Visitor: 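Sending over a structure as structure tokens; questions will come in a sec.
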Amino acid sequence: MSQNVQVKRKRTRTLDTAPRAGTSLRSVPQSMFLDNDSDPIIGEMLARQSALLQGNLIDSHFASATATTTAEGSATGGNENALRGHTAPDESVDATVNNNVVNRHYDHDDDDDDDLIFIKEQPVQVPAQLDLRTEHHYTSKKFKKQRTISLPQLPYSKLLYEAAQHRAQPRRQNDDDLLHLSGSSTKTIDGNRAVTLNVVKSVSPLTVNDHGSPVFRRMTAAPKISKLVSAAKKKNKRELFQTDKEGHYVYRENDIFCNGRFVVKGLLGQGTFGKVVECIDNSSTPQHNNEFQGFEDPFVESFEDSHFDLDYSTSNTASVPNPTKPVAIKIIRAVDRYREAAKTELRVLKAILNNDPSGQYQCLLLRECFDYKNHICLVTDLFGKSIYDFMCNNGCPRFPGSHVQAISKQLIRSVCFLHDLGIIHTDLKPENVLLCDEFYVGKPLSQHQLSNLSPRRKSACNGERKFLTNPEVKLIDFGSAVFYNEFHPAVISTRHYRAPEIVLGLGWSFPCDIWSIGCVLVELVTGESLYPIHENLEHMAMMQRFNGIAFPPKIVENMFYKSDRKIGNLAPDLNATVVKHFDRESLALQWPERNAKGEIVTKERSMKRILSSCDRLDKYVMQKIRQDYGDWLVINWDLSSEDNWALLESKFDEQVLDREVFLFWYWFMDLCKKMFEFDPTKRITAREAIDHEWFNYGILDEGIASFGKAGRD
Ligand SMILES: Nc1ncnc2c1ncn2[C@@H]1O[C@H](COP(=O)(O)OP(=O)(O)OP(=O)(O)O)[C@@H](O)[C@H]1O
């Protein structure tokens, strides 16, 4: 069946290779670099990095400056420009972009710290949605000295969050939430009393009125598409669009639907929800004006009794579609319960679009939604393959450190943005992070490396280790996202990325996304899934092994408390697969399992998976990293960076040590440790993670070397 064929996806846009490769490298004045290192390769890498940094700052400006122009211009233009160096050869380093808006300065640091550039205090424009009172914000503190070698710095967003910080509610989980949050569909427990959950929809703490109260936005009613479609059917006999018995759209290449407007060109993904297809949007004449009906004209009101009207009208669009523009369309199954589920996804997508119409926060933007033959269809921009697919087809699935950092930063920003909107993604995984640009530089693998590859990977990777030329990504799949104060299902997340509080049946909230991000980061670094397991006991044993500690008594007590009293919305198999594996006295996980005689009954394979394949995370990750940097790189996350470095100095000849490499990975492990905190009330928040020390360090590696190069797809 054609549905099962792996579809080769098209890139979303062509790479403007000539200016990128040429401009970014050659146009940056050498005087920009404090490092006058005579090594031309290092010099070139630093040049590339500085060009990137410059591009970022300027692009950030362009993104904000164009945000008020046409929605399409800002959305696609923002992507097109992102990460691209714009500096003309003779442009001053002080990039005065627009006197009315922003001046950004790049100064040289006079001291002899030759790896650092110093970025001066900068005025930053904050989008009107975030700050209704003033047009500009100045940073309250100077930027930290930043190493020149890291991708991408995104200073604009950092400041934006600083500016908004006093408004956004802290996205923490309280101790009480551990017991109370996961209520049944309508009930939860407050002080051991059953109360009705107060369901509020689409709260955006970012949008407040002068009194600090939330301002809600809602859709105004818009014409239904049903009439348009039935009229279209009569007119256009060539429409081909079939639905099978289970309500799935039956994928066929070149199907035409929606009044001849969309032509199906490929299958991008499928699941229980329906299918995602790549289509050509043939609308040759603009069918919509730039006014986004229902979004451009927000009004303040109590949200309690209002709902987003599901708007299936083609008039509900963020942009004027280009003729023959490739788009991705999620075609929801024509079955009531999937249609209902899609309404939440739609509300989330609308909240995102409403609060970030230019797509600065790297979340997928909804362009249009309509109802066609009982299928809800969500139209979005088309992006490249997922980082998961990229890893699968790579001779070495590990991403270089600089790319791990660039992707992490974007992911954490996106999630921070979602959390500020009161949205928990709940399904963060590499499959849901798409590349904006699939171009890569390939480096041939050695015979030895090739001989270690599986036949599948060998044929998929073309004998190469691939390095992206642009690590820009988009976060997708809001199909499982929930608003923080609405119904929480008992079990969420794909198993490998599932946080302990979910497995243990405690309440879950924003911190579960942070745990998932931690799993993604480690996977990018090691090239392997951190938790390749399928059942609860092994999962819990592995969590303890990776964290190097047992579950804290507090959360085990909470688990017993909830399960004994049947509080909240518990997984039906919680007792059988989780609770029974803990000792009530010691509160310890009973792993490996033993029979009445005390003999170990856990299968040998499972024992091996946990005891030999896992180790405490700092040791486990470093074992992989050492393949690139040598045996000296040993990081112990219990030590301070100074003590850890002193230990390395005492053990190794200083010739082999590289302090910058050490610091980069030391702070990476520190962030991981904070993301994998068992207790969700103590886990680092997305906002705190944005400001984590790791993002002040960079690393000179193949990721930097490949950035902006003319690659292949
Ligand atoms: N805008 C897009 N551009 C390119 N590919 C896309 C786009 N949206 C979705 N896809 C592809 O379709 C797949 C499924 O989409 P999505 O994750 O939204 O659906 P889902 O039902 O939630 O999937 P899953 O059940 O696998 O999580 C994605 O993994 C991705 O490969």
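In listed order, ligands and their atoms are each counted from 1. FYI, side chains are in, hydrogens and waters are out, and symmetry mates aren't considered; it's all heavy atoms of this structure. Predicted, not measured: the structure shown is a model, and the values here were computed from it.
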Visitor: Out of all atoms in ligand 1, which are within 4.0 Å of some heavy atom of Lys429? Include the element for each.
Guide: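 Those atoms are 27 (O).
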Visitor: Which of parallel (below 30°), tilted (30 to 60°) and perpendicular (above 60°) describes Phe257 and Phe262?
Guide: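 The rings of Phe257 and Phe262 sit tilted, inter-plane angle from 30° to 60°.
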Visitor: Which atoms of ligand 1 have any heavy atom of Asp427 under 4.0 Å away?
Guide: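 Under 4.0 Å from Asp427, ligand 1 has these atoms: 27 (O).
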Visitor: Side chain of Asp255, backbone of Val264: donor and acceptor closer than 3.5 Å?
Guide: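 Looks like no, no N/O pair under 3.5 Å.
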Visitor: Can you say whether the rings of Tyr531 and His539 are parallel (under 30°), tilted (30 to 60°) or perpendicular (over 60°)?
Guide: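 If you compare the ring of Tyr531 with that of His539, the planes turn out tilted.
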Visitor: Ring centres under 6.0 Å, that's the criterion: do Tyr372 and Phe241 meet it?
Guide: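 Aromatic pair counts; centres sit under 6.0 Å.
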Visitor: Touching ligand 1 at all, Lys474? Heavy atoms, strictly under 4.0 Å?
Guide: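 The answer is no, since Lys474 has no heavy atom less than 4.0 Å from ligand 1.
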Visitor: For Asn432, counting its heavy atoms only, list the atoms of ligand 1 lying under 4.0 Å from any of them.
Guide: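 Reading through ligand 1 atom by atom, the close ones are 17 (O).
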Visitor: Could you list which atoms of ligand 1 come closer than 4.0 Å to a heavy atom of Glu431?
Guide: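 Answer for ligand 1: 29 (O).
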Visitor: Provide the number and element of each atom of ligand 1 under 4.0 Å from a heavy atom of Thr380.
Guide: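 Within the 4.0 Å cut-off of Thr380, ligand 1 contributes 1 (N).
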Visitor: Within the 4.0 Å heavy-atom shell around Leu364, which atoms of ligand 1 are there?
Guide: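 Per the distance check, 1 (N).
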Visitor: Using modelled atom types and a 3.5 Å cut-off, is there a donor and acceptor pairing between side-chain atoms of Thr494 and backbone atoms of Tyr497?
Guide: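 Pair absent, no side-chain N/O of Thr494 close to backbone of Tyr497.
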Visitor: Examine distances only and state if a side-chain atom of Glu438 and a backbone atom of Lys385 form a donor-acceptor pair shorter than 3.5 Å.
Guide: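 Checking the backbone N and O of Lys385 against the side chain of Glu438, a donor-acceptor pair under 3.5 Å is found.
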Visitor: Under 3.5 Å between any N/O of Gln270 and any N/O of ligand 1: does that happen in this structure?
Guide: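 There is no such contact.
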Visitor: Looking at ligand 1, would Gly269 count as a contact under a 4.0 Å heavy-atom criterion?
Guide: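 So Gly269 counts as touching ligand 1.
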Visitor: Counting only nitrogen or oxygen atoms and a 3.5 angstrom limit, does Asp381 reach ligand 1?
Guide: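 Min N/O separation from ligand 1 is below 3.5 Å for Asp381.
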Visitor: Would you say Gly479 touches ligand 1, if touching means a heavy atom closer than 4.0 Å?
Guide: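 Contact check Gly479 vs ligand 1: negative.
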Visitor: Counting each atom of ligand 1 from 1 as listed, which ones have a heavy atom of Leu434 under 4.0 Å away?
Guide: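 Listed by number with element, the hits are 2 (C), 3 (N), 4 (C), 5 (N), 6 (C), 7 (C).
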Visitor: For atom 16 (P) of ligand 1, state which one of Arg367, Lys330, Lys385 supplies the nearest heavy atom.
Guide: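 Heavy atom nearest to atom 16 (P) of ligand 1 belongs to Lys330.
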Visitor: Tell me whether the rings of Tyr251 and Tyr249 are parallel (<30°), tilted (30 to 60°) or perpendicular (>60°).
Guide: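 Answer is perpendicular, since the angle exceeds 60°.
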Visitor: Does the distance from a Lys or Arg side-chain N to an Asp or Glu carboxylate O, for Arg465 and Glu702, drop under 4.0 Å?
Guide: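 No, Arg465 and Glu702 are not salt-bridged.
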Visitor: Taking His375 for the side chain and Ile332 for the main chain, is one N or O donor matched with an acceptor at less than 3.5 Å?
Guide: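 Pair found, side chain donor or acceptor close to backbone of Ile332.
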Visitor: Verify, without hydrogens or angle tests, whether Asp356 (side chain) and Tyr361 (backbone) share a donor-acceptor contact under 3.5 angstrom.
Guide: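 Yes, because the side chain of Asp356 sits within donor-acceptor range (under 3.5 Å) of the backbone of Tyr361.
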Visitor: Out of Val327, Leu267, Leu268, Thr272, who gets a non-hydrogen atom closest to atom 11 (C) of ligand 1?
Guide: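 When every heavy atom of Val327, Leu267, Leu268, Thr272 is considered, Leu268 comes closest to atom 11 (C) of ligand 1.
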Visitor: Counting only heavy atoms, which portion of Asp477 has something under 4.0 Å from ligand 1: side chain, backbone, both, or neither?
Guide: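 For Asp477, the contact with ligand 1 is made by both the backbone and the side chain.
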